[in-house]
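Following: one structure in structure tokens, then a few remarks.
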Amino acid sequence: MTPVGPAVRAPSMGLIMNLEALLSARLAPALAEVARAAVDPAVRRSRHADFQSGAVLSLAGRLGRPPRDVAQEVAARSDLDGLARIEVSGPGFLNLTLADEPIAAAVNDLAADARLGVPPAGRPETLVVDYSSPNIAKELTVGHLRSTVIGDSLARTLAWLGHDVVRANHVGDWGTAFGMLIEHLLDHGASGAPRLGDLTGFYRAARARFDADEEFRNRSRLRVVRLQAGDEETLRLWRGYVAESRRYLLAAYERLGVTLTEAHFAGESTYQDALPDVVAELAGKGLLTESDGALCAFPAGFTGRDGEPLPLIVRKSDGGFGYAATDLAALRHRVRELGATRLLYVVGAPQRTHFRMVYAVAAAAGWLPEGVTAEHVAFGSILGADGKMFRTRSGDSVKLADVLDEAIARASALGAGPEAAQAVGVGAVKYADLAGDRRNDYVFDWDRMLALTGDTGPYLQYAYARIRSLLDRATDAPGPVVPCHPAERALALELLAFAPVVHSVGETLEPHRLAGYLHGLASSFSGFYQNCPVLRAPDDVRASRLALCALTGRTLRQGLDLLGIAAPAAL
RNA sequence: GCGCUCGUAGCUCAGCGGAUAGAGCAACGGACUUCUAAUCCGUCGGUCGCAGGUUCGAAUCCUGCCGGGCGCGCCA
């Protein structure tokens, strides 16, 4: 039995595993000689060879020489002995085909590295990832899916890269709605709390009474005043309500396989005490203007419907604080108290203007000093088959619990066992959300996301389970990798591409790059599996292929884990 | 009206300054006395919305137009 367990050796320095860097280092001197200046070799993977360099194309223009001539000269001056073969191709590309030995050496290093070639960040940052952030008075819907899934994947990835990640669940746990909710609660058993799982029904009932019953409406308003004034009895009721909602949310997160816990709640109520000071500080810096009774900031460059400056309303005309004030308070706290240097807000694209304004005001207030960045990690909407917002037939938003129930039921129908069905169903939904560019809308389609073949979660999970099954049946240990078949070579190169992809996700905050990579890796593995017998291969070849299987398994599992998708050992 | 964003193969999407624009699905044609066929290989399929411009080179950058989505003062 050969478990797909973590390797034992400490991470190496990584250079030998980074073929792009290796090739760049060997190409750079020749380029510098020809150009008489440093030139980025721009080594990329290529379908015409293992790697290519397009550096000559732009260089030739600057030198005023034909690109192919320059490429010939660079090729002739390059010392790639023992590493790769170089040839000029097309308009002036340098095609690089690696020798088998460096590939083998790199893959063997990779196999011995517990971190799969990804060194921990040399310059760790403290960053806050603000994600999920539902209103606690209502159940989770598909509307919360994207922020929760994308944010969790980014938090996992950045943490694994070695950064200090602070997860922030900016839940809506404060505001005028709580007056009516508390009054409704009192009318239905003073000690009671809303029944777990029926938050929406409770909210709707309270809302209906608020709209229809003037007496109830007045009581609710008074209750809001008492809540904001810190009335102890009111606060006790509010805390009970919030606690119950949190329990519900945590159960939902656990089912979704999301890493958010009790410790990550940082709701709007957290910042209430700081709001007067936020206003005072902004006013002190001359950033606030009174307009129609409200205190507003008017950051430059934002105009509204009539071409008039667009306000960011910090304090409402009734003296209450809006969400802009809370967002500003949270931002200030994250930079000042938490020491964050990178703030991520995983929030839907429609709020783009709002966040740009918040960041502009924060910058003007000096809360985003040099070296500290705030980024709106925007994402598109989930659409139904009709191309419109994904809703139920009656027009309501779709409950997340219902989506997961159906996903799991459909996974069961495919033949997955009970435990696997949960992993496959939830994984399919999450993968579908992560597989495309997050900025684009996508169409929610059961049949596509649960397809066993194609770019789907189930396909990746199957590839992993198949590897586990194979390794479980192996009776001897993996040995050194010696790629000989083209499919082994292709798989090895694919495995070596894991680290650059993970880094690019950390920089671009685009998990779909990792998803696409994993699909390519699983495809490469399938090609290898098809062409290269493992268990019935001769001893030395078997050891090599078992090592490739084990490494592919570890890479798939780690990659899926960074996406937040479970990888069961068997389906 | 102003602003943002998107328009790539029948469908769903990658690619976002470089070689004949890729993948998955669908369609069609192959490969199984299988190391789990929940697989693999091949074929078909695109004036990259339209028109200009910048560039040695544009799906990719700029401008305009057409079409869809979203946003534009006390909800978050």
| query | Hey, does the side-chain of A:Ser89 have a donor or acceptor N/O within less than 3.5 Å of a partner on the base of B:rA19? | reply | yes

Could you check whether any side-chain heavy atom of A:Val429 comes within less than 4.5 Å of a side-chain heavy atom of A:Trp446, counting everything from C-beta outward? yes

When both distances are under 3.5 Å in a Watson-Crick or G-U wobble arrangement, the nucleotide paired with B:rC16 is none

Exercise. Kindly state whether the pair A:Tyr459 / B:rA38 counts as stacked, where counting means centroids closer than 5.5 Å and planes tilted less than 30° apart.
Key: no

TODO: Examine distances only and state if a side-chain atom of A:Ser132 and a backbone atom of A:Asn169 form a donor-acceptor pair shorter than 3.5 Å.
DONE: no

A:Arg448 has its side chain closest, among B:rU12, B:rG24, B:rA19, to B:rU12

For the P atoms, the ones on B:rG1 and on B:rA58, what distance do you get once it is rounded to whole angstrom? 34 Å

Considering only heavy side-chain atoms of A:Thr303, the closest of B:rG22, B:rC2, B:rC72 is B:rC2

When all nucleic acid strands are considered with a 4.0 Å heavy-atom cut-off, which category describes A:Ser58: base, sugar-phosphate, or nothing? base

- So, A:Asp539 and A:Arg542, do they make that salt bridge, N to O below 4.0 Å? yes

Heavy atoms of A:Ala522 and A:Leu460 approach each other most closely as CB-CD2, 3.6 Å

5'-most contact on RNA chain B (nearest-nucleotide basis), A:Gln530 vs A:Phe321, goes to A:Gln530

At 4.0 Å (heavy atoms only), tell me whether A:Asp447 reaches a base, stays on the sugar-phosphate, or touches nothing. nothing

Discussion item. Using a strict threshold of under 4.0 Å (side-chain N to carboxylate O), is an ion pair present between A:Arg45 and A:Glu494?
Written reply: yes

Worksheet item: Which part of the nucleic acid, if any, lies within reach of A:Gly90 when heavy atoms closer than 4.0 Å are counted: base, sugar-phosphate only, or nothing?
Response: base

Walking RNA chain B from its 5' end, the first of A:Asp318 and A:Pro67 to be reached, judged by nearest nucleotide, is A:Pro67

Of B:rG18, B:rC74, B:rA76, the nucleotide closest to the side chain of A:Gln351 is B:rA76

Base, sugar-phosphate, or nothing for A:Phe302, non-hydrogen atoms under 4.0 angstrom? nothing

Here the distance between atom C1' of B:rC40 and atom NE2 of A:His485, to the nearest Å, is 12 Å

Tell me what A:Asp441 touches on the nucleic acid: a base, only sugar-phosphate, or nothing, going by heavy atoms under 4.0 Å. sugar-phosphate

Testing B:rA23, B:rA14, B:rU36 for proximity to the side chain of A:Tyr462, the answer is B:rU36

Item to complete: Would you state whether a donor and an acceptor, one from the side chain of A:Asn95 and one from the base of B:rA19, lie under 3.5 Å apart?
Response: yes

* Base, sugar-phosphate, or nothing for A:Pro350, non-hydrogen atoms under 4.0 angstrom? -> sugar-phosphate

ask   = Looking for any heavy atom pair under 4.0 Å, which part of the strands does A:Ser317 touch: base, sugar-phosphate only, or nothing?
value = base

Is any N or O donor-acceptor pair between the side chain of A:Thr456 and the base of B:rG24 shorter than 3.5 Å? no

Answer for the Watson-Crick or wobble partner of B:rC50, both distances under 3.5 Å, is B:rG64

- What is the nucleic acid contact for A:Gly436, judged by heavy atoms within less than 4.0 Å: base, sugar-phosphate only, or nothing? sugar-phosphate

- prompt: Across the strands shown, which category fits A:Ala465 at heavy-atom distances under 4.0 angstrom: base, sugar-phosphate, nothing?
  reply: base

Of the candidates B:rC74, B:rA19, B:rU12, the side chain of A:Val443 sits closest to B:rU12

